[in-house]
Amino acid sequence: MTVLEFDGIPFDPLGAPQARQTADSVATAASSPDANPAPVSGTASAAAPISPVGTDSPQQSSSVAGVAPASDPAAVSGADPTGAVAPVNRASLSAGAVPAVPAVHRIDPIAEIRAGVVAAHRSALSAQIALQRGIWRQALLRQGAGDTLAADASPVAVVPAAAVAPEGAFKALARTDRVWLDRAALEQLVHGEFGAVFGAGYHRAGVESVARLAATTALVLTEVSRIDLYGGGGNGFITAQFESDPRAAALQAAEVFALYTGMPLCISGSALTGGVSESAAGSTTGTVELVIESLDLVPRPHLVATASFGPGIAPVGVTVTVVEPQGADVGPGSAAGALLLNEFHMAHLARGDQSIAMGPEFAEYTGIRATRLPTGGLLLVDRVREFDGARGNLDGATYITEYDSPADSWYYADTANDSMPHFVYMETSLQAALLMGYYAGPTLTQPGVTLSLRNLGGTATVLRQVDLRNATIEQTSRLLSTTILPGSSLQTFDYTLSVDGEPFYRGETMFGYFSDEALGNQTGLDAGRFVPTWLAGQPGVQPRVIDVAARRADPAAMACSHDRLALIDRVEVVDGGGNYGAGYLRSLRAIDDSDWFFTRHFYLDPVIPGSLGVESVIHAVQEWMLDAGFAEGMADPVFRIPQDLAFSWRYRGQFLPSDGSVELEAHIKSVRRGPHGVTVVVDGSLWKPGLRIYELVDLAVELADRKARP
């Protein structure tokens, strides 16, 4: 198990007598002058212990995450002035009570002095950041138009000819090859024989199938001649022939589409209910074309569509909703017997009712900024299959979740990788890990405090290269420890991703839950000091430029990320530069507050996903590898994530919509040529204006010939 560090405090859950570290032990470690912090595996051991989201260095304060230190009784109610924190009563938490931190009123003069130093440091930091923003803008003006942060700098992306799911499209709960249905198949749907029509995936253990086609009207459809999951405006399209009533035909066509997407699978015993807008049309025979306007699982699975019939009949609006039996519980473990949580709960956790997603204890988090899963195309966990923990038990748990990765997923089309892009590896792992850590209830120990979730770092290794298109990824995660501190909580995890029982990705990570005060006082990776890029310290160096945007605009460009993954527009290169003398890369890109990921990550708490920051460094390296000619002689060059090379990251801040820009650099560490391609290993960092907040160590990219696969 890798030792992770937070604010200079080593976290080694498996090496401790108990899996969970108490707040007392952490506070003691933070304030001890003899503490010898262990860095994240792969980072430079000489690095000073760094705060995650706003703490000062341990020599200055034992505070956590930018919250006024525990030594300041005026700042943290109930905090011990010595810096220690009263431990949480786990027995009362398990019984359902919310623990309170007892007030302590001792006065420690040294602690008061330390608190004053911290307050002065924060004031200086605010002024420093303002100054650094001004310096940064001046530097942009001096560099000229080459670095102008134009919002329209990216050209129109090239869209592959193959059918691809739009990024925000509804993800079907089950898939079938059927694209048309005759009268016999429609009759089977009337009798609930979904497996016979669509396949075995339309049955789930513990889910009672009650939904039926035409349950409230006589069947008028005679054939469904076309079903297109992403037709129409991107949400679906269906064409059917009918006899008799056009309004009944419209409703039944919508019911067919709801069944086709597997909507009833997430609520056992559910039925279909629906309605059609008024129409003056009478009995007739003809064709109905249904364009799906929207599909969603919140507040209940439903779709909204428009049905058209041709000349003489006005279009009608149609709605179909999946409803549970009256009075039925649809919360965790109840909506679909064999699963603790499923796609329905994930959608609610992302942007709906948290009491449905997590249980009634979480009702207070509905409609406010709180811990969420991403939504849309960034929601990368579907179901919780097994969980051996319990609400209130923060000592540890093991759980198995699943994510279905359809071959038409948007990220396969937008990446230059041979298979899944690196950021999806990271996101699906981290989302699966945090999910049940949150379910266990660390935030419930601090009622009335708004806590936001942030990833702090970790390590990961690809164990084998595998094509993940149409795979169901099994995510096995372990909650190793939880540490409760005033205004924040820390959790450590390890995780393994597998397909068909064979692991292919493994790692460890740490998450933190932080108060508004913590997030408002961030000092980045360098305790608030301004650390410039390597290039900024080389005034006489003139880098050459790779025009990524121009290459992306070329339909014939090989191995190029585009569309939603158009994360960089240009790369500055210093051949032979950087920390290792093997090459240096820098890129600067504007942040547009309308960037697509802000509406996905997270609801009411928009930040750029850390994994996309990592992905942007990968793209800079990919562009450099192609520019350096490493693809020469390859018939079909593609990028891969090399196996057996551990990569680590640290995050100590986040990119907000208002931050203006993302600046990154990468230092080439090694270039390794093998029989099937070239592997490049880099270290990297990312800055928001005036503050370095991401550090990446041993990030590896492989360029290979797809046609020369071993």
Check your understanding: Checking side-chain contact (heavy atoms from CB on, under 4.5 Å) against Phe514, which of Leu453, Leu451, Leu456 comes through?
Key -> Leu456

Practice item. List in chain and number order the residues that pass ring-ring contact (aromatic ring centres under 6.0 Å, His included) with His619, two or more places apart in sequence or in another chain; answer none if no residue qualifies. Key: none

Review point. Going through the distances and angles, do Leu585 and Val621 end up as a side chain to side chain contact (heavy atoms under 4.5 Å, CB included)?
Key: CA-CA 8 Å; Leu585 314 175; Val621 176; 4.1 Å; yes

Practice item. Before giving the answer on side chain to side chain contact (heavy atoms under 4.5 Å, CB included), spell out for Met346 and Asp382 the whole-Å C-alpha distance, their side-chain angles and the decisive distance to 0.1 Å. Key: CA-CA 7 Å; Met346 302 305 167; Asp382 291 327; 5.7 Å; no

**Study point:** Shortest non-hydrogen contact between Thr509 and Ala433, atoms and distance
**Key:** CG2-CB, 4.5 Å

Review point. Any side-chain donor-acceptor pair under 3.5 Å between Tyr438 and Gln491?
Key: no

Study note, to complete from the structure: Of Val462, Ile473, Thr496, the one forming a side-chain contact (heavy atoms from CB on, under 4.5 Å) with Phe504 is Ile473

Study note, to complete from the structure: Note: Phe597 and Pro609 closest approach over all heavy atoms is CB-CD, 4.0 Å

Exercise for review: Check side chain to side chain donor-acceptor pair (under 3.5 Å) between Tyr230 and all other residues, then give those that pass, not counting sequence neighbours.
Suggested key: Arg175

Point to revise | salt bridge (charged side-chain N to carboxylate O under 4.0 Å, His left out) pairs, two or more places apart, involving residues 629-638 | key: Asp636-Arg706

Study note, to complete from the structure: All heavy atoms of Arg652 vs all of Gln522, minimum pair found to be O-OE1, 4.2 Å

Practice item. Run through Glu702, Arg640, Gln622 and flag the one making a side-chain contact (heavy atoms from CB on, under 4.5 Å) with Asn417. Key: Gln622

Review point. Sequence neighbours excluded, which residues qualify as side chain to side chain contact (heavy atoms under 4.5 Å, CB included) partners of Ser587?
Key: Ile568, Leu664

Exercise for review: Verify the distance criterion only: is there a donor paired with an acceptor across the side chains of Gln465 and Asp418 at less than 3.5 Å?
Suggested key: no

Return a table of donor-acceptor pairs under 3.5 angstrom between the side chains of residues 531-540 and protein atoms on other chains or two or more places apart.
| unit_1 | atom_1 | unit_2 | atom_2 | d |
| --- | --- | --- | --- | --- |
| Thr533 | OG1 | Ala536 | N | 3.1 |

Review point. Side chain to side chain contact (heavy atoms under 4.5 Å, CB included) with Ser294: which residues, sequence neighbours excluded?
Key: Val304

Study note, to complete from the structure: Closest heavy-atom pair, Thr401 versus Leu435, reported as atoms and distance to 0.1 Å, is CG2-CD2, 4.4 Å

Exercise for review: Please identify each residue that fulfils ring-ring contact (aromatic ring centres under 6.0 Å, His included) with Tyr603, with sequence neighbours left out.
Suggested key: none

Check your understanding: Between Glu663 and Arg589, is the closest basic N to carboxylate O distance under 4.0 Å?
Key -> no

Practice item. Would you tell me whether Thr492 and Glu508 have side-chain atoms, one donor and one acceptor, within less than 3.5 Å of each other? Key: no

Review point. Does any pair with a residue in residues 605-621 pass salt bridge (charged side-chain N to carboxylate O under 4.0 Å, His left out), and if so which ones, sequence neighbours excluded?
Key: Arg454-Asp605

Point to revise | Evaluation steps, side chain to side chain contact (heavy atoms under 4.5 Å, CB included), between Leu656 and Gln654 | key: CA-CA 6 Å; Leu656 305 175; Gln654 58 279 309; 3.8 Å; yes

**Study point:** Flag for Asp494-Ser477: side-chain donor and acceptor within less than 3.5 Å
**Key:** no

Point to revise | By ring-ring contact (aromatic ring centres under 6.0 Å, His included) - contacts of Phe630 (at least two apart) | key: Trp624

Exercise for review: Would you sort out whether Glu665 and Trp687 count as a side chain to side chain contact (heavy atoms under 4.5 Å, CB included), showing the intermediate values?
Suggested key: CA-CA 9 Å; Glu665 70 175 11; Trp687 281 258; 3.4 Å; yes

Point to revise | Closest non-hydrogen atom pair, Ala460 against Tyr495 | key: CB-OH, 3.7 Å

**Study point:** Any side-chain donor near an acceptor of the partner, Asp563 and Trp410, under 3.5 Å
**Key:** no

Point to revise | All side chain to side chain contact (heavy atoms under 4.5 Å, CB included) counterparts of Thr375, not counting sequence neighbours | key: Ala350, Arg351, Arg600

Check your understanding: Do the non-hydrogen side-chain atoms of Phe423 and Ile618 ever get within less than 4.5 Å of each other?
Key -> no

Review point. What are the two closest heavy atoms between His667 and Gly578, and how far apart are they?
Key: ND1-CA, 3.4 Å

**Study point:** Set of side chain to side chain donor-acceptor pair (under 3.5 Å) partners for Asp627, sequence neighbours left out
**Key:** Arg544

Exercise for review: Consider only side-chain N and O atoms of Ser611 and Glu427, and report whether a donor and an acceptor are under 3.5 Å apart.
Suggested key: yes

Exercise for review: Could you tell me whether the side chains of Ser670 and Tyr580 share a donor-acceptor contact shorter than 3.5 Å?
Suggested key: no

Review point. Looking at residues at least two apart in the chain, or sitting in another chain, which of them share a ring-ring contact (aromatic ring centres under 6.0 Å, His included) with Tyr505?
Key: Tyr425

